[in-house]
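Okay, so here's the structure we're looking at.
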Amino acid sequence: MAELPDLEVFSQILTRRYGGSVLEKLEVIESRKLNVPAKALKACLEGHKLSRVIRSGKTIQLVFGPDRVLGIHLMLRGELVALSSASPRFAILIFHFHSGEGFAVVDMQKQATPTLDPPSADVPDALELSYSAFKKLLSGKKMVIKTLLMDQKKLRGIGNSYGDEILYHAGISPFSIAGKIPEDSVKQLHKSIHSVLESAIKKIAGENGDELRGELRDFMEVHGAKIKNTRKGEEVISDKIGGRTSYYTRSQVLFS
DNA sequence: GAATATGTTTAAAT
DNA sequence: CATTTAAACATATT
């Protein structure tokens, strides 16, 4: 469900709604993916204040007290839901705050991964990557650009959907060889990463308000099985790149 | 019933 | 060694 813009908005909403509250009780429903025993996690976090929530790459990081961090990766189908009267299905973790409110991490696929005190990443976040670092990342690479953009060991935060949107925005074919893209287009691509992600954050934030909703992707230009034409009328074509479906148009320039 | 779905890890193949 | 590919994960939707 969630890629970088959704997660950025979720972290803002969680900070607004639960920031400053003391975690009264943590239910660990599914501990298979957890890097510490469930008891240790509870002992670490219960009774401590949620100071803020930030996003890093495709993870949400809940900061408790001064420096205790619980990282959460939602993987393919994970979601964050506010607690209501009904107990959530497919829960992984349930957070109950002193105020009586709370939220849950759910994932019907049980792949969402909580990590206590995750090691700090040395891979740059997509929104923090400088142009010179980006240029260096592409130079000499034989990988197709779409695969490189989604490679979390090179830059963090871009997934299949936004990868397509960014390449469409930049006018570059997803099949282009990374190292063959000329400097002007690399510059454009770097700009597109920022502008596509940041405008998505604004749109999702505006539509979400304080609600934890997912799947607000009405603004997608090319990525989606239902999109037959772009708003400019270009035909959208799809192909598999690295086992996942990519959507693009013939107007995107191929460098190879 | 079959195909598809937003991600990652691992192993095997090229 | 660098890169690519397939499978697995568990369930819902079309």
Side-chain angles (χ1 to χ4, degrees), chain A residues 1-11 29-35 55-61 71-81 88-93 104-115 118-119 121 123 125-126 136-168 174-180 193 196-197 200-201 203-204 207-208 212-228 236-248 256:
Chain A
M1 173 205 79
E3 289 194 39
L4 184 149
D6 311 280
L7 295 168
E8 179 69 35
V9 173
F10 285 162
S11 70
I29 313 292
E30 177 61 63
S31 62
R32 202 161 46 96
K33 294 249 149 189
L34 192 59
N35 65 337
R55 175 200 63 80
S56 177
K58 290 182 195 172
T59 69
I60 291 270
Q61 312 214 322
I72 294 172
H73 196 311
L74 295 176
M75 302 299 280
L76 266 172
R77 310 294 294 182
E79 289 177 58
L80 297 168
V81 295
R89 293 182 72 197
F90 309 117
I92 307 286
L93 297 175
V105 177
V106 302
D107 186 357
M108 63 188 174
Q109 203 167 299
K110 292 186 182 152
Q111 286 289 118
T113 305
T115 307
V123 179
D125 189 271
K136 199 177 287 177
L137 210 53
L138 301 200
S139 82
K141 291 292 191 310
K142 293 171 200 157
M143 292 167 90
V144 299
I145 187 63
K146 174 75 185 287
T147 308
L148 190 148
L149 286 180
M150 293 194 302
D151 189 340
Q152 304 300 303
K153 291 194 169 67
K154 296 194 168 57
L155 74 168
R156 296 177 303 131
I158 298 174
N160 199 26
S161 312
Y162 285 97
D164 283 347
E165 293 297 313
I166 288 164
L167 287 163
Y168 172 71
F175 290 98
S176 293
I177 305 300
K180 299 290 178 79
I193 291 174
V196 168
L197 294 177
I201 290 169
K203 283 171 192 160
I204 295 170
E207 291 189 50
N208 262 10
L212 288 166
R213 284 180 289 163
E215 293 284 345
L216 291 168
R217 317 188 141 221
D218 300 345
F219 52 83
M220 289 265 165
E221 295 273 6
V222 291
H223 186 92
K226 289 178 190 155
I227 304 177
K228 299 284 178 241
V236 174
I237 38 189
S238 63
D239 263 305
K240 294 274 185 187
I241 297 179
R244 319 205 84 83
T245 310
S246 282
Y247 299 88
Y248 61 103
S256 60

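Just so you know, these numbers come straight off a predicted model, no measurement behind them. Residue numbers begin at 1 in each chain, while the letters A, B, ... track the order of the sequences. Only heavy atoms go into these numbers, but all of them, side chains included; no hydrogens, no water, no symmetry mates.
- Counting heavy atoms of neighbouring residues, nucleotides and ligands inside a 6.0 Å radius, atom NZ of A:K141 exceeds 12 of them.
- For the pair A:K240 and B:dT4, the criterion of a side-chain N or O lying under 4.0 Å from OP1 or OP2 is not met.
- Taking CG from A:L93 and CG from A:D107, the interatomic distance works out to 11.0 Å, rounded to the nearest 0.5 Å.
- On the P atoms, B:dT8 is 25 Å away from C:dC1, given to the nearest whole Å.
- Using a 4.0 Å heavy-atom distance criterion, A:G159 is classed as a sugar-phosphate-only contact.
- To the nearest angstrom, P of B:dT4 lies 13 Å from CG of A:D239.
- Rounded to an integer number of Å, the gap from A:L7 CG to B:dT8 C1' is 15 Å.
- If you check C:dC9 for Watson-Crick or wobble pairing at under 3.5 angstrom, you find it paired to B:dG7.
- Using a 4.0 Å heavy-atom distance criterion, A:T245 is classed as a sugar-phosphate-only contact.
- Whole-Å rounding puts the A:D6 CG to B:dA5 P distance at 17 Å.
- Neither OP1 nor OP2 of C:dA2 sits under 4.0 Å from any side-chain N or O of A:K142.
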Under 4.0 Å protein heavy-atom contact, by nucleotide of nucleotides 9-14 of chain B - B base, S sugar-phosphate only: ------
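- Here A:Y247 reaches the OP1 or OP2 of B:dA5: one of its side-chain N or O atoms lies under 4.0 Å away.
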Shorter than 3.5 Å, N or O on both sides, protein versus nucleotides 8-14 of chain C: list them out with atom names.
residue: C:dC9; atom: O2; partner: A:Q111; partner atom: NE2; Å: 3.3
residue: C:dA10; atom: O3'; partner: A:M108; partner atom: O; Å: 3.3
residue: C:dA10; atom: N1; partner: A:Q109; partner atom: OE1; Å: 3.3
residue: C:dA10; atom: N3; partner: A:Q109; partner atom: OE1; Å: 3.3
residue: C:dA12; atom: OP1; partner: A:R89; partner atom: NH2; Å: 3.4

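- Between A:F219 and A:Y162, the ring planes lie tilted relative to each other; the angle falls in the 30° to 60° range.
- When the C1' atom of C:dT5 is taken as reference, atom CE of A:M143 falls 12 Å away, rounded to whole Å.
- Protein atom CG of A:D151 is 15 Å distant from nucleotide atom C1' of C:dT5, rounded to whole Å.
- Distance NZ (A:K154) to C1' (C:dT4): 12 Å, rounded to an integer number of Å.
- No hydrogens or angles considered: nothing links the side chains of A:Q61 and A:S56 as a donor-acceptor pair under 3.5 Å.
- With hydrogens and angles ignored, the 3.5 Å screen pairs no side-chain donor or acceptor of A:D125 with any backbone N or O of A:G157.
- The distance from atom CZ of A:F175 to atom C1' of C:dT4 is 14 Å, rounded to the nearest whole Å.
- Distances shown here put a side-chain N or O of A:H73 below 4.0 Å from the OP1 or OP2 atom of B:dT8.
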